[in-house]
> 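Sending over a structure as structure tokens; questions will come in a sec.
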2 protein chains.
Amino acid sequence: MHVARRERSRLPAAERRRQILEVASGLIAERGFWGLSMQDVADGCGLTVPGLLHHVGSKDGLLIAMLEHRDAEDARAWGDSVHDLRGLCAAIVRRNAAQPEIVRLFAVLSAESLAPEHPAHDYFVARQQDALDKLTRLAKPARDAEQLARQVIAMMDGLQLQWLRDQAGTDLVALWESAAETLFVVDPARRAPARIGSRR
Amino acid sequence: MHVARRERSRLPAAERRRQILEVASGLIAERGFWGLSMQDVADGCGLTVPGLLHHVGSKDGLLIAMLEHRDAEDARAWGDSVHDLRGLCAAIVRRNAAQPEIVRLFAVLSAESLAPEHPAHDYFVARQQDALDKLTRLAKPARDAEQLARQVIAMMDGLQLQWLRDQAGTDLVALWESAAETLFVVDPARRAPARIGSRR
DNA sequence: GTCTATAGGACGATAGAC
DNA sequence: GTCTATCGTCCTATAGAC
């Protein structure tokens, strides 16, 4: 794959670092971590490979730095603005709809890192547990809070994959709104212990 | 990564081919297509790399052959046994729960192939459209059949990812049953007018 | 902070013998 | 149907100059 080669120039370390992480994000989103080459990242930054390695130490180091960077950005993005589950989901979906590149980055890395040997494996295991804990806490008043949290996470992940693959411009927010109507339905039959009319 | 090296032996072409696809499935499930090396596949089969290439032509050829093989297996697996949406989903989930390797294979390839340059990109676009069409048809009596189909697919995909990442042995079937209770909830406000009380 | 130069492999693929 | 031998390319990483 062709990667546009930037002109070389001397940059302050912090700025260069930001540039590197940005370029790497885009490339990993396209080809995954296994498919990423340091040469392409370097070219995209107007650096040579050793120049790049000076900043991130190693290829794995680059990945870790990128994930930490994203976490920091995310944390900055929602502070603790929203305290109800449905509102938080809506906010997440709205933000994601605006940055498909990042969503794809995480979709690809998240699947790739299912392999225990993947350098981001532990990160994504922790991330999933974390998300589940947080959403379960927010879902608390509901019956089966953990199940609801799991389903909400699964639905967001699954819809995002569909959305990313759809050529035509499907609307992620609309997809989610429709799903939320189902997930958060107030159904007397589900609150009652007897489960009238349910299968099983 | 270390790949067990099999002893060399001469095999009939058809049998060798089956072996190659099996070994490749396992390796791609672990490292994705970009992370796959023909050397590892060859080692896993007790072949040299040129010996392997004699059978599959190229690395891309190997991937295509594998996807076609899986499609054939799947087609054989369900003929057209189930004709209601909920029953079909249950059957799918039950089968998937029994073969996590295959599920991971598709999870990884499906994410990797979001990139338009990926050799399986078109395959997965078509596959998604196909699944959506089929499930939408099965959901037809319901209001918003397409939305329901999308949500069902998203939920299955999402729950599978969670299940694959969970260290402890979560039960995929149980996860799905719980989600199905929500997705297929019989809600008068959302049910199609003509079909009161029926599921299908 | 970035370079040149280079080490040392792994990669996919081909040619041609058996 | 499988081999040996080899090509040319790409890879990550290091050493040391500026």
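Per chain, numbering begins at 1; letters A, B, ... match sequence-line order.
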> For Val56(B) and Ile20(B), which heavy atoms make the closest approach, and how far apart are they?
CG1-CG2, 4.2 Å

> Using whole Å, report how far NE2 of His54(A) lies from P of dG16(D).
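Interatomic distance, NE2 of His54(A) to P of dG16(D): 17 Å.
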
> dC3(C), OP1 or OP2 - any side-chain N/O from Arg8(A) closer than 4.0 Å?
yes

> Quick check: on DNA chain C, is the nucleotide nearest Arg10(B) upstream (toward 5') of the one nearest Lys59(B), or the reverse? Name the residue that is more 5'.
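The answer here is Lys59(B).
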
> For Val49(B) and Leu11(A), take the nucleotide of DNA chain C holding the closest heavy atom to each; which residue's nucleotide lies nearer the 5' end?
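Result of the comparison: Leu11(A).
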
> Nearest-nucleotide wise, let me know which of Ala13(B) and Pro50(B) is further upstream toward the 5' end of DNA chain D.
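The residue mapped nearer the 5' terminus is Ala13(B).
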
> Using OP1 and OP2 only, check whether a side-chain N or O of Arg16(A) sits under 4.0 Å from dT2(C).
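So the side chain of Arg16(A) is within the cut-off, an N or O lying under 4.0 Å from OP1 or OP2 of dT2(C).
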
> Is there a continuous path of hydrophobic side-chain contacts, each under 4.5 Å between heavy atoms, that joins Leu67(A) to Ile102(A)?
yes

> Measuring only between side-chain heavy atoms, which start at C-beta, is Ser110(A) closer than 4.5 Å to Arg165(B)?
yes

> Which whole-number value in Å describes the distance from Leu53(B) CG to dC7(D) P?
18 Å

> Of the listed nucleotides (dG1(D), dA5(D), dG1(C)), which one gets closest to any side-chain atom of His55(A)?
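My answer, after comparing the listed nucleotides, is dG1(C).
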
> Please report, rounded to the nearest Å, how far the C1' atom of dG1(C) is from the CD atom of Glu15(A).
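In whole Å, dG1(C) C1' lies 13 Å from Glu15(A) CD.
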
> Any side-chain heavy atom of Lys134(A) within less than 4.5 Å of one from Leu88(A)?
no

> Under 4.0 angstrom, heavy atoms only, what part of the nucleic acid is Thr48(A) near: base, sugar-phosphate, or nothing?
base

> Whole angstrom is fine here: how far is it from CG in Asp43(B) over to C1' in dA10(C)?
12 Å

> Just to confirm, is there a sub-4.0 Å distance from OP1 or OP2 of dC11(C) to any side-chain nitrogen or oxygen of Ser37(B)?
yes

> Mind checking whether Glu181(A) and Gln147(B) have side chains closer than 4.5 Å, heavy atoms only?
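No, every pair of side-chain atoms sits at 4.5 Å or beyond.
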
> Between dG12(C) atom P and Leu36(B) atom CG, what is the distance in whole Å?
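Whole-Å distance recorded here is 7 Å.
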
> Could you check how far CE of Met38(B) sits from C1' of dA13(C), rounded to whole Å?
9 Å

> Measure the distance from CD1 on Ile20(A) to P on dT2(C) and round it to the nearest whole Å.
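For the pair Ile20(A) CD1 and dT2(C) P, the rounded distance is 8 Å.
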
> How close or far is atom P of dT12(D) from atom CZ of Phe33(A), stated in whole angstroms?
9 Å

